[in-house]
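Here is how names work: the chains are called A, B, and so on, in the same order as the sequence lines, proteins then strands, and each is numbered from 1. Heavy-atom basis, side chains included; hydrogens, waters and symmetry copies ignored.
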Amino acid sequence: MSSQQQEKYEESELYRIRHSAAHIMAQAVMEMFEPGEAQIAIGPPIEDGFYYDFDLPRPLTPEDLVAIEKRMRQIIAGQHKFEKKAVSAEEAKAMFADQPYKIELIEGLETGGVDEYGEPLDEKPEISFYSHDAFTDLCRGPHVEHTGKINPSAIKLLHIAGAYWRGDEKRPMLQRIYGTAWKNKDELEAHLGRLEEAKKRDHRRLGKELDLFSVSPDVGSGLILWHPKGALVRHLAEEFCKDEHLANGYDFVYSPHIGRGQLWEKSGHLKWYQENMYSPLDIEGNEYYLKPMNCPFHIEIFKSRVRSYRDLPMRFAEWGTVYRYERSGVLHGLMRVRGFTQDDAHLFCREDQMPEEIDRVLDFCLHLLRGFGMNEFKAYLSTRDPQKSAGDTQRWDDATEALRAALDRVGLDYEVDEGGAAFYGPKIDLKMIDALGREWQLSTIQFDFNLPERFELIYIGEDGERRQPYMIHRALLGSMERFMGVLIEHYGGAFPLWLAPVQAIVIPIADRHIPYAEEVAARMEAAGLRVEVDARGDRMNAKIRDAQNQKIPFMLVVGDHEVENNVVAPRLRSEERLDALRVEDLIGRMQKDIEDRM
RNA sequence: GCCACUGUGGCUCAAUGGUAGAGCAAUCGCUUCGUAAGCGAUGGGUUAUGGGUUCGAUUCCCAUCAGUGGCUCCA
């Protein structure tokens with residue numbers, strides 16, 4: 001890796017280009033309105049581009065975007081110098097007297113010790129302006145030397161979105177324009193090409209094209225219908241995981257979809273989580289709630305008899321389907337839904353078992369994800385917030401230490417979210433990146449110091465004393481819905497052989513080859529493979545095209561030559577063509593790949 | 001939930017203030033073909049839903065529902 005690539009983004013030329021492009025865009029937008037009509041908020045560079053937030057007298061339209069972009073190019077052509085000027089807070093406020101958002105930012109810098117994003121600053125920063133042409137912004141820089149340093153054919157405004165001032169939903173909704181800027185036209189086009197490619201991997205699109213799942217407005221938003229092929233992939237994924245759970249010391253349990261109000265009262269969900277729960281059902285005068293989590297049920301199983309220290313650790317696992325109210329605007333394909341199935345488990349263990357239990361579960365988690373070819377995830381450790389934490393501080397510290405040690409031992413890079421834990425315990429989260437670059441949390445391993453207290457969980461120790469077990473809540477794939485969404489995008493719909501809903505399709509060249517094709521398929525099916533025959537009257541070329549688009553791993557062409565020699569001519573979806581093979585040899589090869597989960 | 005945009009046959013999309021058209025898919029027929037689309041015919045839409053404006057709405061307006069991009073949220 002060259003030093004160029006290791007350069008910090010904040011210090012790079014691209015960063016200055018994008019930051020400057022944001023200022024130029026702000027100038028273009030301000031010029032569209034009378035003085036005093038439009039307010040500017042903040043406009044930083046971001047990954048691959050920049051944005052700027054405005055408070056404007058009317059909504060922007062896509063046509064405005066075109067006009068703004070055009071004006072930006074004119075400003076660029078003017079080669080206006082970016083000039084910095086350090087000022088006092090008083091001067092700054094006088095300068096931005098008609099810009100309330102800027103005044104708030106200046107006051108934050110001056111007194112509150114927070115930067116433009118509301119992040120705390122160590123020391124009082126210098127207040128400075130950057131000016132170019134007729135536009136001046138409160139800004140710490142850096143910028144390019146002059147506007148002409150920006151390549152006018154390497155910028156593009158992408159879309160308009162709403163954004164709350166300072167990210168606070170109680171404050172005004174501003175209009176944000178997102179743009180992208182690069183060093184030259186080729187880089188811009190490469191970036192736009194990557195966005196196009198990413199769209200092709202979008203699980204919502206592939207879900208339709210490969211006939212995996214759908215949602216129906218009549219069923220409801222955020223409620224997934226799994227079609228046969230999608231259900232098969234999910235089944236295979238679950239089967240693998242369930243077998244691994246059994247092999248790794250888990251016991252499966254089942255619990256119902258609803259539970260009485262008093263259960264959720266006791267667990268605290270009605271107090272802390274009610275806004276995510278659906279209204280209760282009335283059953284003979286009793287209130288029942290759809291479960292948003294499985295924990296209380298697993299706890300009841302633990303509590304169903306007296307547990308001895310000899311019984312621990314206990315690991316109750318369940319593919320538990322939960323329902324949570326999510327605000328309509330956050331729903332997203334399979335990634336964010338209202339009904340989903342967690343690969344949930346609750347671990348109950350003794351104090352002396354706890355560190356090993358954490359090691360085991362993290363290893364197991366990585367084992368499962370890697371079983372699906374996933375090796376790149378972001379890990380987060382969330383620690384105690386002293387302001388809001390339930391349970392014993394010593395236990396918190398021990399638990400956090402165990403999590404940290406486990407992460408260090410497996411050598412995962414992780415980010416520590418100080419004080420980011422929920423009130424009931426520290427946790428590790430693993431997140432994956434989707435096709436569009438968004439992060440989605442899959443795995444979570446979290447301690448719970450609250451529920452054991454509320455449900456008075458105990459086991460009898462070696463000394464005959466009643467002790468409280470450690471309780472660890474964990475979901476490794478997270479939810480099957482989200483996991484499938486990530487999995488589809490990870491493979492771009494081209495599932496490995498062991499997961500492919502159709503593993504091979506036999507393509508007869510002419511109708512007279514159909515009986516042989518059927519025979520080949522039957523022999524393969526007898527060996528446990530998932531095979532179809534394309535007996536349509538279309539030409540072979542059309543059948544191959546369809547099979548390619550369906551991303552079927554093996555296409556087996558059979559014509560006169562194959563019938564005569566009792567072989568098949570395999571084509572892989574990589575477009576590689578194999579030499580003609582006897583069916584038995586092909587079966588052997590495929591079975592080996594399946595066993596190796598290729 | 002908030003801001004903006006979108007909603008036309010299964011899919012992708014076109015068109016218009018005078019009740020809609022293409023390609024793919026489907027069905028049928030012809031073709032029987034050697035590694036990414038053979039040819040032809042046929043059927044299929046009360047233009048998301050409910051109101052309003054208008055002589056007339058799918059087109060304009062409002063509401064609702066759903067989706068998309070963001071923001072907020074995300075035990």
Side-chain angles (χ1 to χ4, degrees), chain A residues 51 53 55-56 58-62 64-65 158-178 199 202 204-205 208-209 211 214-222 267-269 272-273 275-277 292-295 322 324-333 335-336 342 344 382 421-425 427 429 436 438-441 444 446-448 450-451 473-475 478 482 507-514 536-550 555-562 569-573 575-578 580:
Chain A
Y51 68 78
D53 287 346
D55 191 350
L56 304 174
R58 65 166 177 85
L60 291 167
T61 65
D64 290 329
L65 236 50
L158 297 173
H159 43 257
I160 306 161
Y164 298 108
W165 167 236
R166 297 222 140 167
D168 183 343
E169 67 179 322
K170 292 182 187 66
R171 311 208 62 187
M173 175 66 76
L174 307 174
Q175 297 190 66
R176 173 173 297 177
I177 303 176
Y178 281 96
K199 278 188 197 159
D202 190 312
R204 292 165 300 180
R205 173 174 172 155
K208 201 177 277 182
E209 287 175 0
D211 197 16
S214 63
V215 286
S216 154
D218 281 342
V219 174
S221 295
S267 69
H269 285 90
W272 300 106
Y273 202 65
E275 61 193 34
N276 285 288
M277 292 171 67
M293 293 185 200
N294 305 299
C295 352
V322 298
R324 298 181 186 172
Y325 167 70
E326 298 282 1
R327 301 207 277 185
S328 55
V330 307
L331 299 174
H332 181 86
M335 302 297 202
R336 191 85 178 263
Q342 296 179 302
D344 207 0
S382 300
F423 72 90
Y424 51 82
K427 62 172 179 173
D429 293 324
L436 299 171
R438 295 179 282 213
E439 271 182 38
W440 296 100
Q441 181 182 316
T444 186
Q446 46 192 106
F447 281 87
D448 196 321
N450 180 49
L451 291 179
H473 170 108
R474 45 116 289 189
R482 177 176 292 179
I507 298 177
I509 289 178
D511 286 357
R512 64 176 178 279
H513 308 124
I514 291 176
R536 294 176 304 170
D538 288 299
R539 290 175 57 192
M540 179 199 64
N541 282 327
K543 296 179 185 180
I544 285 179
R545 180 168 195 273
D546 288 348
Q548 283 287 155
N549 287 335
Q550 287 299 303
M555 285 155 263
L556 309 174
V557 176
V558 296
D560 289 335
H561 175 75
E562 285 72 25
R571 173 193 165 110
L572 309 184
R573 64 187 160 191
E575 300 188 31
E576 184 189 351
R577 282 165 64 177
L578 304 183

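- A close approach under 4.0 Å does occur between a side-chain nitrogen or oxygen of A:Arg571 and OP1 or OP2 of B:A36.
- A:His473 NE2 to A:Asp448 CG: the interatomic distance, rounded to the nearest 0.5 Å, is 8.5 Å.
- With rounding to whole Å, A:Glu562 atom CD is found 14 Å from B:C33 atom C1'.
- With rounding to the nearest 0.5 angstrom, the CG atom of A:Leu174 is 8.0 Å from the CZ atom of A:Arg176.
- Residue whose closest nucleotide on RNA chain B sits further toward the 5' end, between A:Val558 and A:Gln175: A:Gln175.
- B:U8 sits 27 Å from B:U53 when the P atoms are compared, rounded to a whole Å.
- The residue A:Ala547 sits apart from the nucleic acid: no heavy atom pair falls under 4.0 Å.
- Evaluation of atom-type donor-acceptor distances gives a pair under 3.5 Å for the side chain of A:Asp511 against the base of B:U32.
- When Watson-Crick and G-U wobble pairs are counted only if both distances are under 3.5 Å, B:A14 pairs with no nucleotide at all.
- Here the side chains of A:Arg336 and A:Trp440 are in contact, with some heavy-atom distance below 4.5 Å.
- Note on A:His513: nothing from the nucleic acid sits closer than 4.0 angstrom, heavy atoms only.
- Distance check on atom C1': B:C3 versus B:G56 gives 36 Å, rounded to whole Å.
- Within the shown strands, nothing qualifies as a pairing partner of B:A57 under the Watson-Crick or G-U definition with both distances less than 3.5 Å.
- Nucleotide B:U42: paired with B:A26 (Watson-Crick or G-U wobble, both distances less than 3.5 Å).
- Nucleotide B:A66: paired with B:U6 (Watson-Crick or G-U wobble, both distances less than 3.5 Å).
- One can place CG of A:Asp560 at 10 Å from C1' of B:G34, the figure rounded to the nearest angstrom.
- The distance from the NZ atom of A:Lys199 to the CZ atom of A:Arg205 is 9.0 Å, given to the nearest 0.5 Å.
- In summary, A:Asp168 and A:Arg166 do not engage in a salt bridge, as defined by a charged side-chain N under 4.0 Å from a carboxylate O.
- With rounding to the nearest 0.5 Å, the separation of CD in A:Gln441 from CE in A:Met335 is 13.0 Å.
- No salt bridge links A:Arg545 with A:Asp538; every basic N to acidic carboxylate O contact stays at or beyond 4.0 Å.
- The same atom, C1', is picked in B:C13 and in B:G7; the two are 13 Å apart, to the nearest Å.
- Counting any heavy atom pair closer than 4.0 Å across all strands shown, A:Asp546 reaches no nucleic acid atom.
- When the P atom is used for both B:G50 and B:A14, the distance is 25 Å, rounded to whole Å.
- With both ends at atom C1', the span from B:A48 to B:G9 equals 14 Å, rounded to whole Å.
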**Study point:** Base versus backbone protein contacts along nucleotides 65-75 of chain B [heavy-atom cut-off under 4.0 Å; B, S, -]
**Key:** -SSSBBBBBBB

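- Remark: P of B:U35 and CG of A:Leu578 are 16 Å apart, rounded to the nearest angstrom.
- A:Glu575 comes within 4.0 angstrom of a base, heavy atoms only.
- Using a 4.5 Å heavy-atom cutoff, the side chains of A:Gln548 and A:Glu575 are in contact.
- Residue A:Lys208 is in sugar-phosphate contact alone, with no base atom involved, counting any heavy-atom pair closer than 4.0 Å across all strands shown.
- Side-chain contact between A:Glu209 and A:Asn549 is absent, with no heavy atoms from C-beta onward closer than 4.5 Å.
- Nucleotide B:U31 holds its C1' atom 15 Å from the CD1 atom of A:Ile509, rounded to whole Å.
- The separation between A:Arg58 atom CZ and B:A4 atom P is 12 Å, rounded to whole Å.
- Across B:G10 and B:U49, the matching P atoms stand 12 Å from one another, rounded to whole Å.
- Closest to the side chain of A:Ala542, from the set B:G38, B:U35, B:G1, is B:G38.
- Both A:Asn549 and A:Arg536 lie near RNA chain B, and the one whose nearest nucleotide falls closer to the 5' end is A:Arg536.
- One can place CG of A:Asp211 at 13 Å from C1' of B:A25, the figure rounded to the nearest angstrom.
- Rounded to whole Å, the P atom of B:U58 lies 13 Å from the corresponding atom of B:G52.
- The CZ-P distance, from A:Arg539 to B:A37, rounds to 8 Å in whole Å.
- A distance of about 9 Å separates the P atoms of B:U64 and B:C2, rounded to the whole Å.
- Distance CG (A:Asp538) to P (B:G29): 14 Å, rounded to an integer number of Å.
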